[in-house]
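On a predicted model such as this, the values are computed, not experimentally measured, just so you know.
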Amino acid sequence: MALNLNACPSGDEKVVLFGLLLETNARLAKEFGTELEAKCDLPLAWFDVLLQLRRNEFGRLKMNQIAEAIVHSTGGTTRLIDRLEVAGYVKRENCANDRRAIYVAITPAGNAKLDEALVVHLAFLDNSLATRLSEPERTTLSDLLNKLIAVA
């Protein structure tokens, strides 16, 4: 069956908007990832995991919670955590309530590395967001993005 290009034109504003979201995300992630690796020797995916762990009040999450938060497959997350553990940034802990579940907790070395990376992150955000968007624009953008990711 042939695709009817007139039924869903590539110029449709929704298609264009989604493309802009993807491109913006990809460009910002690539630029920040490059800067983070150069200045902190920390891959962007590692930064993301450490930040998710820091945001949790106990500094730990179950493996499936990490996978969901960073939008990775379970297998990919396991390999990622393996590398972070070898680096000393996280440790695995048994769950007292569920012997099958494993927590991943940020270590003091992980917290120190995240602090170092956050300095780079904030400078990057100042250069890439704060200089391009006013505070009201950033608030509006945040509100709109939160609206898009909200669970229906």
Side-chain angles (χ1 to χ4, degrees), residues 3-92 102-107 109-152:
L3 179 64
N4 181 355
L5 295 179
N6 291 328
C8 185
S10 60
D12 182 284
E13 63 93 14
K14 295 176 292 298
V15 173
V16 171
L17 178 60
F18 189 73
L20 283 170
L21 285 170
L22 290 177
E23 183 178 353
T24 301
N25 178 64
R27 285 183 187 273
L28 289 173
K30 182 179 179 183
E31 290 172 14
F32 175 56
T34 299
E35 195 161 325
L36 193 60
E37 289 251 12
K39 293 184 177 177
C40 297
D41 194 29
L42 188 71
L44 182 57
W46 292 25
F47 173 81
D48 197 8
V49 170
L50 294 174
L51 190 58
Q52 294 299 327
L53 292 171
R54 168 84 60 88
R55 286 180 176 158
N56 181 275
E57 67 177 304
F58 302 109
R60 66 182 191 187
L61 293 166
K62 291 180 182 174
M63 192 74 76
N64 65 322
Q65 292 173 309
I66 294 171
E68 186 176 312
I70 65 172
V71 194
H72 264 224
S73 68
T74 305
T77 300
T78 299
R79 290 186 297 277
L80 180 60
I81 297 304
D82 288 345
R83 293 190 298 274
L84 279 158
E85 189 172 33
V86 167
Y89 298 146
V90 301
K91 64 181 178 178
R92 286 178 166 92
I102 301 290
Y103 282 109
V104 176
I106 193 167
T107 64
N111 272 311
K113 183 54 96 171
L114 182 58
D115 287 341
E116 176 188 347
L118 284 170
V119 171
V120 173
H121 189 50
L122 288 172
F124 176 81
L125 293 175
D126 282 342
N127 290 330
S128 62
L129 291 179
T131 60
R132 296 179 189 173
L133 299 175
S134 68
E135 186 177 344
E137 288 172 326
R138 293 191 308 271
T139 299
T140 299
L141 179 59
S142 180
D143 291 345
L144 292 171
L145 291 173
N146 279 312
K147 187 175 182 178
L148 285 176
I149 64 169
V151 178

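- Of the inter-residue distances, the one linking Asn56 atom CG with Tyr103 atom OH reads 8.5 Å to the nearest 0.5 angstrom.
- Inter-residue side-chain proximity for His121 and Leu118 is flagged as met; some heavy-atom pair is nearer than 4.5 Å.
- Checked against side-chain hydrogen bond (donor to acceptor under 3.5 Å, both in side chains), Arg92 has the following partners two or more places apart in sequence or in another chain: Asp82, Glu85.
- Here the CG atom belonging to Leu84 is positioned 8.0 Å from the CG atom belonging to Leu42, to the nearest 0.5 angstrom.
- Electrostatic pairing of Asp115 and Arg54 counts as a salt bridge here, judged by a charged N lying under 4.0 Å from a carboxylate O.
- Taking each heavy atom of Ala87 and Trp46 in turn, the nearest pair found is CB-CZ3, 3.7 Å.
- Heavy-atom minimum distance, Phe47 versus Ala117: CD1-CB, 3.7 Å.
- With sequence neighbours left out, Thr77 forms a side chain to side chain contact (heavy atoms under 4.5 Å, CB included) with Met63, Ile66, Ala67, Ile70, His72, Ile81.
- In this structure Lys14 satisfies the side-chain hydrogen bond (donor to acceptor under 3.5 Å, both in side chains) test together with Asp12, sequence neighbours excluded.
- Atom OG1 in Thr78 sits 10.5 Å away from atom CZ in Arg83 (nearest 0.5 Å).
- Shown here are the side-chain hydrogen bond (donor to acceptor under 3.5 Å, both in side chains) partners of Glu137, two or more places apart in sequence or in another chain: Ser134.
- In plain terms, the two heavy atoms of Gln52 and Ala69 that are nearest each other are OE1-CB, 3.5 Å.
- Applying the salt bridge (charged side-chain N to carboxylate O under 4.0 Å, His left out) rule to pairs touching residues 18-41 yields Glu23-Arg27, Glu35-Lys39, sequence neighbours excluded.
- Thr131 places none of its side-chain heavy atoms less than 4.5 Å from the side chain of Asp126.
- Looking at heavy atoms from C-beta onward, Glu135 lies in side-chain contact with Arg138 at the 4.5 angstrom threshold.
- Using cut-offs of 30° and 60° on the angle between ring planes, the pair Phe124 and Phe32 is tilted.
- By the side-chain hydrogen bond (donor to acceptor under 3.5 Å, both in side chains) test, Glu116 is found to be paired with Lys113, residues two or more places apart in sequence or in another chain being considered.
- Interatomic distance, CG of Asn25 versus CG of Leu20, reported as 12.5 Å (0.5 Å rounding).
- Leu80 and Ala45 make their closest contact through CD1-CB, 4.0 Å (heavy atoms, listed as atom of the first residue, atom of the second, distance).
- Between the side chain of Thr140 and the backbone N or O of Pro136 there is at least one donor-acceptor pair closer than 3.5 Å.
- Without hydrogens or angle criteria, Arg60 side chain to Val104 main chain gives no donor-acceptor distance under 3.5 Å.
- Pairing each heavy atom of Ser128 with each of Leu28, the nearest pair is CB-CD2, 4.1 Å.
- Atom-to-atom distance recorded for Leu114:CG and Ile106:CD1 is 5.5 Å, nearest 0.5 angstrom.
- The minimum heavy-atom distance between Leu148 and Leu21, with the atom names listed, is CD1-CD1, 4.1 Å.
- Residue Asn111 holds its CG atom at 8.0 Å from CG of Leu50, rounded to the nearest 0.5 Å.
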